[in-house]
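In this text, all values refer to a predicted model and were calculated from it rather than measured experimentally. Only this structure's heavy atoms are used, side chains among them; waters, hydrogens and symmetry mates stay out. In the text below, chain A, chain B and the rest are named by the order of the sequence lines, each starting its count at 1.
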Amino acid sequence: MLAAAPDAAGGEAAGAPGPGSGVAGADRPGSAAAPERVVSINLCTDQLAMLLAAPGQLVSVSRWATRPGASNMVAAAAELRANDGGAEEVWLMKPDLVLAGSFNDAATLALLRRLGLRVAVFEPARSLDDVPERLRRVGRLLGREAEAERTVAGFEAARASAAARAAGLRRLPAAYHYPNGYTSGAGTLAADVMAAARLENAAADLGLSGVAPLPLEALVMLEPFLIRTRSLADTRRGRAYETARHPALERLAALGGATVEERRQVCGTPFVTLAVEALLDARAPALAAAR
Amino acid sequence: MSEAARGRRTLAALGVAVAALFAASLLTGPAGLTLGESLSALLAGEGEAAVLVMREIRLPRAILGLAVGATLGLSGAALQGYLRNPLAEPGLIGVSSGAALGAVLAIHAGLSAAFPLALPLMALAGAGLAVLAVLALAGGAPTAGGGALTLILAGVAVTSLCGALTSLALNLSPNPFAALEIVFWMLGSLADRSFLHVQLALPFMVVGWAMLATLGRGLDALTLGEDAAASLGVRLGRLRLLAVGGVAASVGAATAVAGAIGFVGLVAPHLLRPLVGARPSALLPASALGGAAVLLAADVAARLLAPGQDLKLGVLTAIVGAPFFLWLVARHRRGLA
């Protein structure tokens, strides 16, 4: 898992000649030209593509992009066709570029490549620095480099203003608490969001990396600034959310904490700065107390 | 001879059903192609997008549905005959759980994302190792009277161990996405399989079928008991190797490409025993066709019932299979009373 360098496996060059390559390439002179029919089948690439694509260039996004709990761009997604990411469905849209995430079904991606489609695969972002990198990569793929640079500049400005807001804050230990007792350790986008709000990831100090389970007992002993998330699904249901109502957790939350919308930070998109701002907003009372 | 005639009629009817369901599988999908469009795309190669949909997406899926179903039905009948146990099913001797463990390790280690065929290859390796372990545990030459029992016990032991290790991999999964991917894979599906999967799995399945197909007479003799069969000249050690090897090769390959699909191998022989009789040699081909028909029907239903939701095949076979099996048990009990 960790051996694969992010994006090294990304295969936009892998338009390997397959049974359908003649079909896909025949009526398009010069394969270096910008793709005209882009289909995205992953929530994260959906949003990057919607941010950067020229009008009409993006044909379809995944159904996740239309769900308010998960997507930051529901309105834009509503204008496009929603897909469920199956190979037959994608193929019939006759895309000249498919954007996918590394957690899309491996069999689907292999079949799309076999059909001669150009498939670009994106690893999940692990830091804020990955956001400009992802934006530029999508910009290159779509032939929208200038748009990408503009969006990167906007992102960097938002990041700088968040950093300015955070500059005076005292460093506090903090921890994420996700359903089923998971937390974000080192090397995650969520941990980087936390760092941008001058919070220290207590889970990372425990040696956790990636998204990992953190026992409630250990969490309570850390006495962190508790960050909970509003889930991707629109309602909270099921045993996974039991610990979210645990009295110990409520006591901890009463000491200070924040709720971040999961859709802001599940993907490496410019919307991630809104997660940083949400943490800073929640810290404002703490800041006032410190003064 | 009336039973033989009835057997032939049943086989012919099953053959027709399998052919019809194979065609239905080819005609089912989100593309909304008409019958004429589908056929001309499949046979004549007209209409470029439709051609690839039919030949590269739906055809491998239908072929795998047929082959995996036949594998499960045939293996179930062979094991029920060999073990003389009506509850025997292809997963009993550890093959499915070994294959599942291999596949889960491939997902866990991230190999399946880097190299798509890593998953089925690791699953095949897992199935092979599991069956070697079962044979080693059960001992080489079956002792009189104890052959079936030791094999069942060894199978249960290896299945439990592989199941536990699979749970461990889930438990230690690097992140919730990987855990979800593992869980979904284990539910069993034929969605978006390509000819690469067919090329990988079909040779193993054909070898397995060939081994199992030779079992008929030996299993018929075995219905009299192991001692009686041995006295009739059946070589029990060879029979066991063929049964276990055939199940391992075919079910291992089936699980490697489709995940764990339950109930088909258990139910198909029971479904057909009233029609062709309990003689294993008659039941083997009928059960293979029956398994293929059931799996193709389930795969069509999965696509029709919840288009876009990717309803998992293994879930559907279990949901339909379990109540059906209960009905079968109830009817059997009434028959005895």
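- Remark: A:Trp91 CH2 to B:Leu52 CG distance equals 4.5 Å, nearest 0.5 Å.
- If you tally non-hydrogen atom pairs under 4.5 Å between each of A:Ser102, A:Ala106, A:Ala107 and chain B, the highest count goes to A:Ala107.
- The two atoms that bring B:Ile57 and A:Glu88 nearest to each other are CD1-CA, 3.5 Å, heavy atoms only.
- Of the residues considered (B:Val51, B:Leu117, B:Leu196), B:Leu196 shows the highest number of contacts with chain A, using heavy-atom pairs under 4.5 Å.
- The 12-atom threshold is exceeded at CZ of B:Phe195, counting heavy atoms of other residues, nucleotides or ligands nearer than 6.0 Å.
- Closest of all the heavy-atom pairs between B:Ser194 and A:Leu111 is CB-CD1, 3.4 Å.
- In B:Phe22, the CZ atom is crowded: over 12 heavy atoms of neighbouring residues, nucleotides or ligands sit closer than 6.0 Å.
- Contacts between B:Leu119 and chain A at a heavy-atom distance below 4.5 Å are absent for every atom of the residue.
- With a 4.5 angstrom heavy-atom cutoff, B:Arg58 touches chain A only via side-chain atoms.
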